Amino acid sequence: MQKSEYTGPLEQVDSCCYRIPKSYRSDMRVDGLIFASETLLDAIRKDQAAEQVANVATLPGIQSASFAMPDIHWGYGFCIGGVCATDPAEGGVISPGGVGYDINCGVRLVKTNLFLDDVKYRIRDLIKGLFYTIPAGAGRSGKYKFDSTETRRLMTQGPRFVVDRDLGVPRDLDHTEANGRIDDADPQEVSDHAVKRGSEQCGTLGSGNHFLEVQVVDSVFDADVAKVFGLELNQVCVMIHSGSRGLGYQVCDDALAQFRNCPQKYGITLPDRQLACAPAESPEGKKYIGAMRAAANYGFCNRQLLMQQAREVFAKELGRTWEDLGMELLYDVAHNIAKFEEHTVDGKKKKVWVHRKGATRAFPAGHSEVPEAFRSVGQPVIIPGDMGRASWVLVGAQGSMDRTFGSTCHGAGRAMSRTAARKNVSDRKIEKELEARGVIAMASSRNGLTEEQPNAYKNVDHVVNVVHEANLSRKVARMRPIGVIKG
């Protein structure tokens, strides 16, 4: 059971980084490094997420350090905002807790050629149209039904499976991380129960912190990069945050059951059983990796279908085709995933398993995995905030490759638990408070707004300031919400 506060060391490295030295505990193989500001430090100490950073530092094969981003908060095994890389050549492990239950939870941002004046008198109709078209909420199924054979094909092909059915266009794939398809996915390692859970949920939003927001660009910080991204002041965008739904959850649950005895089998001592892991090259490790990749492809496909439904709603409500409205995908990026990537460690190039648990890839200009359209400036980094303040677009920077295995933050990070958020509301009407801020919000349950109220999150501007100063990713544009749907 987690203690209420972290009381261990946090030594300041620089203005945006704090160290938990490996001397803190005898089982730590590397330091823990937390990217934060003095403003965020008190919030970080309020739970045991920093202790989880130290726990991850004990994993076999871990390289350089155990990292956490400024949106850090308590999670399962790994903290949310945790990053680590393990080298399979040194017995490096794969850990489902380092990916999370919602495999390939991620974000995509859709541009339009609309501006605020074009939609400000239509926003309520747009949000109603989105809410009544796009299924949102726990366990909800959608209009897209796939049998078990089709679902397994979908997990191999990713969004191409539905683009080939005219649910999107090929250029959508070009602007999706890994083109929306993680190689060597193995749907046969996904249980029948997981497949059944996913067969009717592709194209659904889910619950919790997942959302679809209509946003307006309210500030541009880097005009040159914004021009490459196709963003400008007062432009309307649509941000989608969702993952692999019940299918991904079940893949993680199944893996944790299979990994329960792996530490003892492979002689691995862990400070927390939630860190259950296995050598990446072991039979158990390979099975999980194949299933995790398949669930990741499902997550990309889920967001593709969510985007296509949003396009159709905009077209219906505004009386023009989505192509005429310029509803083009800027980028889609995962933030709950483990990927086998090449990085430089102590001056040597290595292939390592980079676990990003509530952390986003942030590759810089020139990187081969950045889409050609953005390679001159770097990868778009999409950082959602709370539904009352702001979200951000950043661009990947070289500092992420030098310091964090190409990673940056993924959002604002919770400042209070869902239980605390419900207690905080009393007789307040969150939808009315949001409307007073200029945000039309609709949710399928009262808790959908209560638990996700703006006060439940850190100020995303403070979080983004840290990664910008640390040169993990650089500010490009800030967006404010004008409408949101939630589960």
Side-chain angles (χ1 to χ4, degrees), residues 107-134 136 205 210-221 223 226-227 229-242 306-331 380 382-393 412 428-444 448-449 452-455 457 459-461 464 475-487:
V107 192
R108 70 171 47 196
L109 187 67
V110 184
K111 302 178 293 182
T112 76
N113 58 22
L114 299 166
F115 292 87
L116 180 59
D117 284 346
D118 299 319
V119 302
K120 63 183 179 182
Y121 300 116
R122 304 291 303 275
I123 187 62
R124 194 178 297 274
D125 290 338
L126 277 169
I127 295 304
K128 283 183 178 179
L130 291 165
F131 181 74
Y132 290 115
T133 299
I134 297 174
L205 200 55
H210 298 148
F211 65 79
L212 185 149
E213 277 189 7
V214 181
Q215 303 172 340
V216 173
V217 177
D218 74 355
S219 302
V220 173
F221 288 81
K227 185 176 182 180
F229 288 177
L231 296 175
E232 54 185 305
L233 201 62
N234 290 323
Q235 182 180 4
V236 174
C237 297
V238 178
M239 184 175 286
I240 298 167
H241 177 207
S242 191
L306 286 166
M307 176 179 71
Q308 197 61 20
Q309 290 173 91
R311 284 167 163 171
E312 291 166 1
V313 170
F314 267 70
K316 179 180 178 181
E317 294 294 334
L318 298 177
R320 296 162 58 192
T321 67
W322 68 260
E323 292 93 342
D324 285 343
L325 295 170
M327 296 190 73
E328 298 290 340
L329 177 60
L330 173 62
Y331 200 58
I382 306 164
I383 308 296
D386 66 74
M387 58 187 170
R389 280 181 281 208
S391 294
W392 284 83
V393 172
R428 291 162 50 207
K429 303 291 186 184
I430 300 300
E431 66 274 20
K432 295 298 183 184
E433 293 179 10
L434 288 169
E435 189 167 352
R437 297 187 185 198
V439 183
I440 304 301
M442 296 185 71
S444 60
L449 293 181
E452 298 298 308
Q453 61 180 285
N455 291 345
Y457 285 86
N459 187 328
V460 71
D461 295 348
V464 165
K475 296 178 184 179
V476 177
R478 183 181 188 269
M479 287 90 69
R480 63 178 177 87
I482 56 173
V484 58
I485 68 168
K486 295 188 69 67

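We count residues from 1, following the sequence as given. These figures come from a predicted structure and were not determined experimentally.
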Practice item. For a side-chain contact (heavy atoms from CB on, under 4.5 Å) with Tyr331, tell me which candidate from Ile382, Val393, Leu109 qualifies. Key: Ile382
Practice item. Please report the C-alpha distance between Arg428 and Gln453 in whole Å, then the side-chain angles of each, then the deciding distance to 0.1 Å, and finally whether the side-chain contact (heavy atoms from CB on, under 4.5 Å) criterion is met. Key: CA-CA 11 Å; Arg428 291 162 50 207; Gln453 61 180 285; 3.3 Å; yes
**Study point:** Distance, nearest 0.5 Å, that separates CD of Glu452 from OH of Tyr457
**Key:** 3.5 Å
Exercise for review: Rounded to the nearest 0.5 Å, what's the gap from NZ on Lys475 to CH2 on Trp392? Could you check?
Suggested key: 4.5 Å
Point to revise | Full working for side-chain contact (heavy atoms from CB on, under 4.5 Å) between Val220 and Val476 | key: CA-CA 6 Å; Val220 173; Val476 177; 5.8 Å; no
Exercise for review: Could you tell me which non-hydrogen atom of Pro454 sits nearest to which non-hydrogen atom of Asp386, and how far apart they are?
Suggested key: CB-OD1, 3.3 Å
Practice item. Report the distance from atom NE2 of His210 to atom CG of Leu306, rounding to the nearest 0.5 Å. Key: 10.5 Å
**Study point:** Close side-chain approach of Lys111 and Gln235, heavy atoms under 4.5 Å
**Key:** yes
Exercise for review: Check whether any side-chain heavy atom of Glu312 sits under 4.5 Å from a side-chain heavy atom of Thr133, and report yes or no.
Suggested key: no
Review point. Are any non-hydrogen side-chain atoms of Leu434 and Met387 less than 4.5 angstrom apart?
Key: yes
Point to revise | Heavy-atom check, side chain of Val214 versus side chain of Val484, under 4.5 Å | key: no
Point to revise | Intermediate values then yes/no, side-chain contact (heavy atoms from CB on, under 4.5 Å), Ile127 and Arg122 | key: CA-CA 9 Å; Ile127 295 304; Arg122 304 291 303 275; over 6 Å; no
Review point. Between CZ of Phe131 and NZ of Lys486, what distance do you get to the nearest 0.5 Å?
Key: 12.0 Å
Practice item. Grab the two heavy atoms, one from Ile134 and one from Ala310, that are nearest each other, plus how far apart they are. Key: CD1-N, 4.2 Å
Exercise for review: Please tell me if the side chains of Leu205 and Ile485 come closer than 4.5 Å, counting only heavy atoms from C-beta onward.
Suggested key: yes
Check your understanding: How would you list, by chain and number, every residue that makes a ring pair (Phe, Tyr, Trp, His ring centres under 6.0 Å) with Phe211, sequence neighbours excluded?
Key -> His241
Point to revise | Closest heavy-atom pair and its distance - Arg437, Gly388 | key: NH1-O, 3.2 Å
Review point. Can you tell if the side chain of Val217 reaches within under 4.5 Å of the side chain of Asn234, non-hydrogen atoms only?
Key: no
Check your understanding: Between Val460 and Pro384, what is the shortest heavy-atom contact and its length?
Key -> CG2-O, 4.0 Å
Point to revise | Gln215 and Val238, any side-chain heavy atoms less than 4.5 Å apart | key: no
Point to revise | Atom pair CZ (Arg478) and OG (Ser391), whose distance is rounded to the nearest 0.5 Å | key: 9.0 Å
**Study point:** Ala443 to Gly487 - nearest heavy-atom pair and separation
**Key:** CB-O, 3.7 Å
Review point. Can you check side-chain contact (heavy atoms from CB on, under 4.5 Å) on Leu212 and Leu130, steps first, answer last?
Key: CA-CA 9 Å; Leu212 185 149; Leu130 291 165; 3.7 Å; yes
Point to revise | Shortest non-hydrogen contact between Gly326 and Asn113, atoms and distance | key: N-ND2, 3.5 Å
Check your understanding: Say you draw a straight line from CZ of Arg108 to CD1 of Ile240; how long is it, rounded to the nearest 0.5 Å?
Key -> 6.5 Å
Check your understanding: With the threshold set at 4.0 Å, does a side-chain nitrogen-carboxylate oxygen contact exist between Arg124 and Glu435?
Key -> yes
Point to revise | Candidates Leu126, Ile440, Val119, Val439 - the one meeting side-chain contact (heavy atoms from CB on, under 4.5 Å) with Ile482 | key: Val119
Practice item. Flag yes if more than 12 heavy atoms outside Lys120 fall under 6.0 Å of its NZ atom; otherwise flag no. Key: yes
Point to revise | Test: Lys128 and Asp125 ion pair at under 4.0 Å | key: no
Exercise for review: Can you sort out the partners of Thr112 under side-chain contact (heavy atoms from CB on, under 4.5 Å), two or more places apart, ordered by chain and number?
Suggested key: Leu114, Val236, Met327
Review point. So do Met479 and Asp218 actually touch side chain to side chain, heavy atoms under 4.5 Å?
Key: no
